Amino acid sequence: MAASLQQEFCALRDTYIEKQFGRLNDMQRQAVFTTDGPLLILAGAGSGKTTVLVNRIANLIRFGSAHGSSWTPREVTEDDVKALKTAIMTGTDAPAWLDGMLRQNAVRSWNVMAITFTNKAAGELKERLRNMLGGEEGDEVFASTFHSACVRILRRWAESIGYPRSFTIYDTDDSQRVMKAVYKELSIDDKFFPIKSAINQMSRWKDQLVSPEEALRTPARDTKGAIAAKVYAAYEKKLREAGAFDFDDLIYQTVQLLAEHEDVREFYQNKYRYLLVDEYQDTSVAQFRLVSLLTGPEKNICVVGDDDQSIYRFRGATIENILNFERIFPGTKTIRLEQNYRSTSNILNAANCVIQHNTERKGKTLWTRNDEGDKVQVYTAENEQDEAMHIADVIGEHLKEGGHLADHAVLYRMNAQSAPIESYFTRAGIPHKIVGGQRFNDRKEVKDIHSYMSIVANARDDVRLRRIINEPARKIGNTTVDVITDLAAQQGISMLEVISHADAYAKLSRAMMPLLKFWQIYEKLQESLETRTLDEFAQDVIEVTGYKAMLEADAAKGHEDAADRLQNLGQLVNNVKNYCDQHGEEASLEGYLEDIALISDIDSYNESADQVVLMTIHSAKGLEFPYVFLIGMEEGVFPSEMSKYSEADLEEERRLAYVGITRAKRELYISNSVSRMLYGRTQRNEPSRFLREIEPEYIEETRSPALERRSSMGWGSGYSDTVPGGASGYSGAFGWGRNSSRFGGRTGGSYLNREYNASERGGFASGYAGRGSSASGLGSGSSAPRTSGSSGFGVGYGRPAAPKAASKPVSFPGSPAASRPASTGPKHYEVGDIVEHKVFGRGKVLAVKAAAGDQIVEINFEKVGVKKTMANFAPLTKITEE
DNA sequence: TTGTGATGGTAATGG
DNA sequence: ACCATCACAA
């Protein structure tokens with residue numbers, strides 16, 4: 001009797017718990033209910049990976065291993081069964097007195113550690129856990145990146161491995177400075193073996209847990225290898241003296257710490273009994289080792305990854321970690337999540353087409369129940385301006401239909417590609433945000449102030465001291481710095497210590513006054529740190545050091561960027577303030593410096609602002625957008641020139657393409673450009689092989705009207721007749737449709753190839769030069785408007801299946817670049833005019849200001865409110881009378 | 001020591 | 001095309 005009650009209760013308990021996770025699919029639920037032992041989740045793009053992670057943690061904390069168990073902590077009563085039945089029927093929570101019966105071996109939230117790839121992902125995880133579990137328990141889960149977790153561990157144990165508690169974290173710039181000093185000391189010529197290569201080699205060694213000693217012991221392949229080993233050892237010594245870790249050290253040294261100190265290892269294994277690692281495909285040997293060291297004897301290790309999305313091989317990620325997981329952790333349960341919830345089937349099929357061309361895969365095929373959606377739009381642009389304009393057109397159309405800017409993302413292979421888009425968007429007044437590239441914290445003035453701050457935190461840090469000792473200029477030149485360096489080395493003390501009694505050294509007599517002054521500044525800052533709040537301290541640094549005075553003097557002299565720099569420093573102080581607000585009592589100088597070292601651009605990307613976002617595909621990993629523009633799909637750009645000669649590199653590029661494609665939810669726009677200015681040279685690139693790999697049935701392609709016009713006007717003698725039907729043969733012009741010879745296929749006789757030849761022969765060069773040079777928007781071009789007008793594309797263009805953006809002739813004047821020669825002078829608008837803007841629609845002019853041969857027009861738009869645009873560049877049309 | 005002009009190298013992805 | 005670095009003059 002009691003036994004069957006027990007059975008009934010356990011079955012009900014399963015039902016109850018399953019209901020809690022009712023929104024998951026079978027595979028996802030399996031992953032959630034696999035609570036103990038090693039678990040490998042192979043999660044395809046958009047398969048609800050984060051959801052699974054969050055739910056799995058929630059299940060651990062709320063129910064532990066109760067699901068599937070046939071055991072209860074006490075005798076089951078009729079009341080128990082009844083209460084649980086009621087809870088299931090009514091969809092309410094079971095009464096609290098059942099908790100003991102439901103929460104079997106429930107895991108305490110602070111026993112769970114989740115490692116993610118970015119701080120942003122960690123933040124999202126925590127946010128969702130808070131929502132699911134409530135504030136307290138959610139917050140108690142330790143979720144962070146590898147690097148943050150390691151810093152946390154290292155802070156605690158630094159002294160046991162000979163580092164100061166307030167160690168500094170060096171960024172790439174610092175590393176290069178150190179390496180440069182090493183080269184100088186060892187008289188190594190960086191022309192023979194570039195510093196960057198040395199750092200790279202060293203970095204790979206650290207990723208693979210190769211110590212300087214091992215590197216030296218291992219016979220080098222060549223002279224360069226020998227040099228690398230030599231500088232590695234010297235570099236490491238310097239960092240240790242400075243009390244600094246670089247990014248790779250954070251992992252490497254933590255591994256050493258855990259490997260060599262059993263007590264420390266056991267401390268963490270006891271503390272974190274359940275480990276979850278996200279983006280496992282991007283972990284390095286060192287990171288794998290770290291995970292293994294943290295994993296206790298119970299082996300409660302769950303990793304989530306997708307071998308098809310491994311895109312960080314170049315920085316030491318090893319796909320073997322995921323491929324060998326089952327072998328390294330015997331008894332691993334493997335679960336595949338292959339249902340995609342993100343994209344339309346056309347987009348997903350396109351992605352599958354591409355990734356299928358890789359050989360090194362675990363192999364899985366994503367599927368979806370989502371609609372087919374629109375076909376993937378492929379646009380061939382004439383040049384990068386044209387590409388930018390096309391994107392703006394599409395976005396404009398979407399906005400007219402009620403879409404939001406923030407639903408659009410422009411993704412590219414490398415940061416350099418953002419420039420033309422950014423500049424076009426700026427001129428057209430399209431709100432946008434670039435993620436990545438030159439980071440705020442990388443600006444010279446910001447780094448300088450941070451260097452001052454960090455030497456106050458860590459007086460041993462000679463590298464950063466050198467950076468600012470004469471910034472602003474205070475008569476401490478290279479000679480003096482070299483003398484100080486020697487003195488410090490002789491006595492085994494830091495440079496700052498030498499400076500603190502500069503008067504004791506005869507060699508420093510000449511520079512004594514400036515040095516003592518510098519020391520006074522330093523002491524003032526020390527005092528400021530002790531007596532004032534952190535943001536006041538930052539302000540003091542800017543002022544006491546004379547940095548502010550220097551910039552103000554520059555600004556007075558008419559230095560253009562000095563004002564910007566001052567503003568940046570103001571922003572820096574704001575950032576410190578924000579940091580203080582966020583961390584309250586916990587705020588510390590070390591903490592702040594740590595944040596700026598470890599927080600990346602993508603972490604602070606905030607999707608709530610209504611802006612188009614521009615970023616690299618790498619940055620976009622883990623994100624999704626309704627509308628995605630994947631630009632620069634050309635050989636030599638994507639895949640990059642450097643990857644073309646290695647099959648393994650190419651496969652990584654292809655995975656990157658796969659990541660890019662799978663970011664899109666509703667519509668994907670891929671573009672390539674016939675001509676592109678890159679690295680100061682105009683290149684003519686073939687469309688990317690990745691485009692060719694997509695089956696034609698998922699694609700719809702369009703060529704820039706500019707390219708069509710060229711062919712129909714008969715430039716480049718005698719080739720237009722090989723294009724079927726000229727402009728009217730548009731849909732087939734690409735050779736892409738039914739005949740599937742596609743992009744410049746192997747026949748070599750494709751339309752595109754011909755065009756390259758034609759242009760290289762200069763057949764239309766003269767007729768074309770105006771447009772080309774007016775690409776900057778300031779050229780002398782006398783070209784025809786490009787989107788409408790007498791050449792009649794308006795009509796020819798409107799084939800039924802054409803992409804939305806191109807489907808109707810657009811009523812505003814053409815691109816800022818192409819159709820507004822500077823010679824026409826500024827456009828004149830007046831307050832009160834009603835104008836039409838390509839992107840924002842209709843609005844009323846509020847104010848007009850003259851600026852450098854142009855006007856800044858402030859407009860109140862009906863739909864989007866007040867915006868400022870440049871009259872000469874913004875796609876504005878005056879509406880005569882409303 | 002500081003400021004300038006020329007030069008020449010460097011061009012991928014990032015914590 | 002851009003930047004950083006360097007040599008050199010002031």
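Here is how names work: the chains are called A, B, and so on, in the same order as the sequence lines, proteins then strands, and each is numbered from 1. Keep in mind it's a predicted model, so treat the numbers as computed, not measured.
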- Query: Can you give the first and last nucleotides of DNA chain B, 5' to 3', that have an atom under 4.0 Å from a heavy atom of chain A?
  - Reply: B:dT1 to B:dG15
- Task: With sequence neighbours left out, write down each residue that passes side chain to side chain contact (heavy atoms under 4.5 Å, CB included) with A:Ser671, or none if nothing qualifies.
- Result: A:Tyr379, A:Glu387, A:Ile631
Taking N or O atoms only and anything under 3.5 Å, show me the protein contacts with nucleotides 6-9 of chain C, one pair per line.
none

- Message: Please enumerate all residues that pass side chain to side chain contact (heavy atoms under 4.5 Å, CB included) together with A:Ala121, with sequence neighbours excluded.
- Response: A:Thr116, A:Thr118
- Listed by chain and number, what are the salt bridge (charged side-chain N to carboxylate O under 4.0 Å, His left out) partners of A:Glu590, not counting sequence neighbours? none
- Sort and list the pairs that fulfil side chain to side chain donor-acceptor pair (under 3.5 Å) and have at least one residue in residues 308-317 of chain A, not counting sequence neighbours. A:Asp306-A:Gln309, A:Asp308-A:Arg361, A:Asp308-A:Lys364, A:Gln309-A:Arg663, A:Arg313-A:Asp649
- With pairs taken as Watson-Crick or G-U wobble and both distances under 3.5 angstrom, which stems of at least three consecutive pairs involve DNA chain B? B:1-10 with C:1-10
- Task: Just jot down the ring-ring contact (aromatic ring centres under 6.0 Å, His included) partners of A:Phe629, sequence neighbours excluded, or say none.
- Result: A:Tyr669
- Item | side chain to side chain contact (heavy atoms under 4.5 Å, CB included) partners for A:Thr485, two or more places apart | A:Arg466, A:Val481, A:Met495
- Query: Going by atom types only, do A:Asn321 and A:Tyr280 share a side-chain donor-acceptor pair under 3.5 Å?
  - Reply: no
- Please identify each residue that fulfils ring-ring contact (aromatic ring centres under 6.0 Å, His included) with A:Tyr412, with sequence neighbours left out. none
- Item | Qualifying side chain to side chain donor-acceptor pair (under 3.5 Å) pairs, either residue in residues 178-189 of chain A, two or more places apart | A:Glu185-A:Lys238
- Message: My understanding is that only residues two or more places apart in sequence, or in another chain, count here; which of them pass side chain to side chain contact (heavy atoms under 4.5 Å, CB included) with A:Leu566?
- Response: A:Lys548, A:Leu551, A:Glu552
